[in-house]
Each structure stands twice: as structure tokens, then as C-alpha cells.
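Note that the structure is a prediction, hence the values are computed from the model and not measured. Below, chains carry the letters A, B, ... as their sequence lines are ordered, and counting in each starts from 1.
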Amino acid sequence: MSKQSPSTDTQFMDKLVSLCKRRGFVFQSSEIYGGLNGAWDYGPLGVELLRNIKEAWWKDMTHRQNIEGLDAAILMHPRVWEASGHVENFTDPMVDCKQCKARYRVDELLNGLSIKKQKEILRQIDESYARLNDVEIAALFSQLPEADPRSILKLINCPNCGNKGTFTEARKFNLMFKTFVGPVEDSSAVVYLRPETAQGIFVNFLNVQGASRQKLPFGIAQIGKAFRNEINTKNFLFRTREFEQMEMQFFVKPGTDDQWFEYWREQRMNWFVRFGMPKEKLQWHQHEPGKLAHYAKNAYDIEFKFPFGWGEIEGIHNRTDFDLSRHEQYSGKGMKYFDEETKEKFTPYIIETSAGASRSFMAFLVNAYAEEEAPTAEGTMETRVVMKFHPKLAPIKVAVFPLVNRDGMPEIAHKIEEDLRTHLPVFYDDSGAVGRRYRRQDEIGTPYCITIDSQTLGDQTVTVRDRDTMVQERIASDRLVSYLMDRIYKF
RNA sequence: GCGGGAAUAGCUCAGCUGGUAGAGCGUCACCUUGCCAAGGUGAAUGUCGCGGGUUCGAAUCCCGUUUCCCGCUCCA
């Protein structure tokens, strides 16, 4: 985690959150009702930035001959989540120690005990267990907590404070939001809000493959909301209950999975760098082999250096044939692929690239934020706040100012504004001193500002001011569109 | 879920041991402008997070609750 002082980190985040609200990037959800924990709304500038990020991802991923797009429903058949393992594995029974307030997952608490200790506990429950051997003990011990966790928990000391009998009752947290289809709220009508978009891709594997006539290897990309009933939300947009994912699942022949895994790792890391993230703010985190999720053969996260520490913004996982095999098993429908060339039939392996759109949004915000010393009209220095977004991601691409509101400058400025607006998001501003208008645009990351001055009246040129260098260039107004489009979209 | 801190105008905050709410910045209008935020005049804006209680009277005291931040926990 970050080694910066906590106060600095907190101050940075406070400033960012404040700017987000003040300028319309992010608002708290349901604010007038006191807010809803872990939910945020994207304001006028935020939605532009978010859409630009998703658009950049979508183009990069789907403008390839071997990747197809998809937009699956958020509500899916409940059996999907049994097959995926979410019904089972998203449920973690937890207990708290009432004495020292430590919290534990019950399974980890119990499995952490020595065989000797387990044997002792079992004997206290029933003397007849004493004659079982170690293997039988272990087997029994792994089942008992499910049946009757309470009696066992009473006999265990808290690993932290050593007290016995201080645990709360085990509570189950299923991280999936549950709701009901139709008017009857009974168990047969239960559906879940998807906790990940991936399953919508897996279950459509053969639909997409057949419809698009793709051959392996190929991928399916999707952007969409997902929901997890997190126990704790945290760190602004980083851990929320509703969030958006940008996922691509790449289907490959087993045996070629390792090389595709490496290919996509490189591709995805480069994407973040290409859109302005410095390499030193990004790092790989490999999941330790012993701690891999049930489906994974290999897993790396791309982490971004947030003010509160390194945090995952994308996971690249080798999911093996787990998902398709499970869906084949649970649905009874064949999910295998037939290779016409080799006449082989097999279950493809899946390389997953799963990026958080919301988390990327926040990472791009954090990365863009800069405070610089800039000279004022009087020649003194003062701080200017600049959001140094990549031009493609910037919510507003160009601002248009008449230097003063007379001599026909506003009329020319409005004409230029309208011409540009058919190509780009434009902001017109004629209030106050021009320096103030520049700074306002800096704060929302507008890469270019155009000013119409008295020289414009004579030769139809305008100044174009660069956000990062603050340097101005004089451009003929009829060349503006190509000048801007070149700098913003072509590279 | 536990512990700590916080919540007053759009933002940052002041408001003492209870006496019907303030500043700066920002916003808007008009004037002024001559290229990097603080020229002038005027204006709008708050059930002091929400709900109870104590009191003649609560932003202030008490209880509950919500949200945000920090730490723990958690993060298939």
C-alpha cells in the first residue's frame, strides 16, 4: 500500500471528490434523502468521461476481426449462478469476536485449527468421535460446521484475544442481490442481479459463435453493470455495490491458452498506458497459486496506484474450461466446439480480460489531477488545477471565448462554436476575464481553448491555447476543425 | 459488521458555557474588459444530514439513525 502520509492521501481524495461534485463529474446517489451507501451518480461531465473510456475500450477490443460484441441481460436464469459457483462461493459465513471485535470467516477459522485441536473439540461434542483417525476427523470437521456451527464455535478460542465463547452467531453473506420475477415472492421466482457480466458471455458462447461464423480463437466483448452486495463499500468509486465492467472473454484451444494469456496481458496493459497512465503508476499483481479462485489456472491483476494504495482496475485470468464445462453440466446442453480442420471436439479454454469501467474512471481521474504553479497577469505565481485527461477521454474537447463582449467578437465566436459543435463537444464561455475562463476549462480538462480577439476581425485567425503548455497558436478559423480533429482523435 | 472522526450556502469553513445563521470563494445579472482565476454594483441560495427528546427557547445538550472519511474486517 501507499507509503504517503494518510493525511496527504485523504486530502487528495477530499479535493478530488469535492471537484467531482462541484464541476459535475460525480454526485452521491439519492443525496437529498441522505444518500445511499456505496452508490454514486455520474453528472454531465462524468457521464461524458465514462462514455469516452468505454468507447475507447470498445473500439480497441471489438475493432478486431476476431472479437464480437454482446449486450446480455442483467437478469439471468438462477441456475447460471449455481453453475458459476456464485450461489455457493459468494456465501461466506462470518463471525465476530464480541471481546476483541476481530472478524473471521468461519471456514478459515475452523480449517486453521490443528488436527489435535479439532479432535479435542469433536470429543467435547460427542465422546464417540474419539476413536476416529485423523483423516476421518478432518472429513467430519469440514462438514460439521455446516450442520451446526454454533456448538463448535462455542468451543473455540479467538485467535486474536484468546477468549472462548465470545463469537457472535455465524452470519451468511451472499454477495448477490436477490429479487423476484413476477408477482409472487417465493423461492421459485428468485433471480439475481448479475455479480459479473462474464456469465452472460459464457452462456451465449455458441449463439455468438454460430451467428458470427467465428472460428477459434475468438473473443466476445461486453460492457455492462454488475452488482455485489458488499459488506463494506470504500474509497469513493473503488468499492461500490453497483459498478460497471468492461469484459472480454477469449475462447481458445486448450494448449494455446498460455500464449494467449500473455498476449492479452500485454494488450491490456498497453491500453492503459496509451490513454495516459504512466508505467510507474501501474503494476502487475499475480494471484498466488495457492490462492487462485476455483476457476482459475493463472491470474494477474493490473493495479493502479491510487492515493489510498495500489488497487485492482483489471484482471486477466486464465479461466480454463471451467465455465463452459459447468454450464454444459448444469444445463445439459453441449458447450463444446468442433474444429473442422482437425476434426477435434473439445471444450475451449477462456482467457478473461475483466476491467472495471468505474474503477478505470476513477483511476483516470486520479491520474489526470494536477496542481501546478502558473503565472498570473501580475507576474506572481499561483496554483492552477488541471485535469490532464488524454484528449480522447476529455469530456469537453474545446472551449470558445470572445476576448471581450463587443466589436462583433461574440457573433464570430458563436459562429465558430456552432461549426465545431457538429464535430466535437464544445463549451462556450463569455463571462469574466479570459484568464479565469482558461482556468475553468483547465479544471475540467478541456484540451483546447479558442479565443476570438481583435485580430480575428481583420484576418479570420483565432488563438488556440493548449491546456498543458498554456502556449497559444494562431490558426485560420476555417482550419480549426481539421486542426483539432488531428490533435484529439488521430495518433 | 466493529472502533474513531466528521456532517452548517454549490465549495472551504466560522458560529464560545443554549437566545430565531455568518464569512471567503463560487454562481447569476448589469457595468468594465484587450490573453492566463481574486475591477465595480447588485442578487439568489440554508427546515444547520434526518428523526425524536430535554427546554420558555436547540446548529449548540441527550438518544437514535443515515451518509462520508480513517483503521480493523472483508473483497468467490
**Q.** A/Arg474 side chain, from C-beta outward: closest of B/C36, B/G39, B/C35
**A.** B/C35
Q.
Quick check: any donor-acceptor pair below 3.5 Å linking the side-chain of A/Arg23 to the base of B/G26?
A. no
Q: Report the nucleotide, chosen from B/A37, B/C35, B/G10, that has the shortest atom-to-atom distance to any side-chain atom of A/Lys21.
A: B/G10
Q: Tell me which nucleotide among B/C69, B/U67, B/C36 gets nearest to the side chain of A/Phe236.
A: B/C69
Q. Between B/G3 atom C1' and A/Lys234 atom NZ, what is the distance in whole Å?
A. 14 Å
Q. Quick one: A/Tyr448 OH to B/C36 C1', roughly how many Å, whole number?
A. 18 Å
Q. Within the modelled atom types, does a donor on one side and an acceptor on the other bring the side chain of A/Arg465 and the base of B/C36 under 3.5 Å apart?
A. yes
(Q) Over all strands shown, is A/Thr451 touching base, sugar-phosphate only, or nothing at heavy-atom distances under 4.0 angstrom? (A) base
Q) So, is A/Asn37 near the phosphate of B/C68, with a side-chain N or O under 4.0 Å from OP1 or OP2? A) yes
Q | Nucleotide nearest A/Arg406 (side chain, heavy atoms from C-beta), chosen from B/C68, B/A38, B/U33 | A | B/U33
Q. Within the structure shown, what part of the strands sits under 4.0 Å from A/Gly38 by heavy-atom distance: base, sugar-phosphate, or nothing?
A. sugar-phosphate
Q. Do A/Glu443 and A/Arg440 sit within salt-bridge range, that is, some charged N less than 4.0 Å from a carboxylate O?
A. no
Q) P atom, B/C36 versus B/A59: distance in rounded Å? A) 48 Å
